[in-house]
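Notes follow once the structure below has been shown.
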Amino acid sequence: MENMIKKIVDADKEAKAMEEETLIEKEELSKKIEKESKEIYERYMTQAKITAEHNDIEEEKKAKLQWEEIQNKHKSVLIKLQSDYKLNCDKWTEQIVKRTLA
């Protein structure tokens, strides 16, 4: 009987030791998972920043080209308007005066 009680007590101690080992392993695994998660997050964020910077540069280039195209169109329109004005200034003035006096 005493032997049975000793075996039960020993089994209980062994179960508690196993439980403690399991808890320690669980904690170590949790720390490892957290560390790996942070590393993955940092890698992802670094790559995302690089991609964003690259996209910003590309968008700036596109915007600059569009701006230059618009400026060139405006210059072209201005030159045409100035040319039309030089050719038709007297004619337009006469027409304005005629319409005003009529």
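Residues passing the salt bridge (Lys or Arg N to Asp or Glu O under 4.0 Å) test with Asp12 are Lys16, sequence neighbours excluded. Taking the salt bridge (Lys or Arg N to Asp or Glu O under 4.0 Å) definition, one finds that Lys38 meets it with Glu34, sequence neighbours left out. Scored by the side-chain hydrogen bond (donor to acceptor under 3.5 Å, both in side chains) test, Lys91 finds no partners at all (sequence neighbours excluded). The side chain to side chain contact (heavy atoms under 4.5 Å, CB included) check on Ile40 picks up Arg43, with sequence neighbours excluded. With sequence neighbours left out, the side chain to side chain contact (heavy atoms under 4.5 Å, CB included) criterion links Lys61 to Ile57, Glu58. For Glu94, the salt bridge (Lys or Arg N to Asp or Glu O under 4.0 Å) test picks out no residue, with sequence neighbours left out. Residues passing the salt bridge (Lys or Arg N to Asp or Glu O under 4.0 Å) test with Lys31 are Glu27, sequence neighbours excluded. Taking Glu28 as the reference, Ile24 meet the side chain to side chain contact (heavy atoms under 4.5 Å, CB included) condition, with sequence neighbours excluded.
Through direct or indirect side-chain contacts shorter than 4.5 Å among Ile, Leu, Val, Met, Phe, Trp and Tyr, Leu101 is connected to Val97. Under the 4.5 angstrom side-chain criterion for Ile, Leu, Val, Met, Phe, Trp and Tyr, the cluster partners of Met45 are Tyr41, Tyr44. Think of Ile5 as one node in a network of Ile, Leu, Val, Met, Phe, Trp and Tyr side chains linked at under 4.5 Å; its network also takes in Val9.
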With a 3.5 Å cut-off and sequence neighbours excluded, list the donor-acceptor pairs that the side chains of residues 64-90 form with protein atoms.
| unit_1 | atom_1 | unit_2 | atom_2 | d |
| --- | --- | --- | --- | --- |
| Asn72 | ND2 | Glu68 | O | 3.2 |
| Lys80 | NZ | Asp84 | OD2 | 3.0 |
| Asn88 | ND2 | Asp84 | O | 3.2 |

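Heavy-atom contacts from other residues, nucleotides or ligands closer than 6.0 Å to CD of Glu39 number more than 12.
The line from CG of Leu29 to NZ of Lys26 is 10.5 Å long, rounded to the nearest 0.5 Å.
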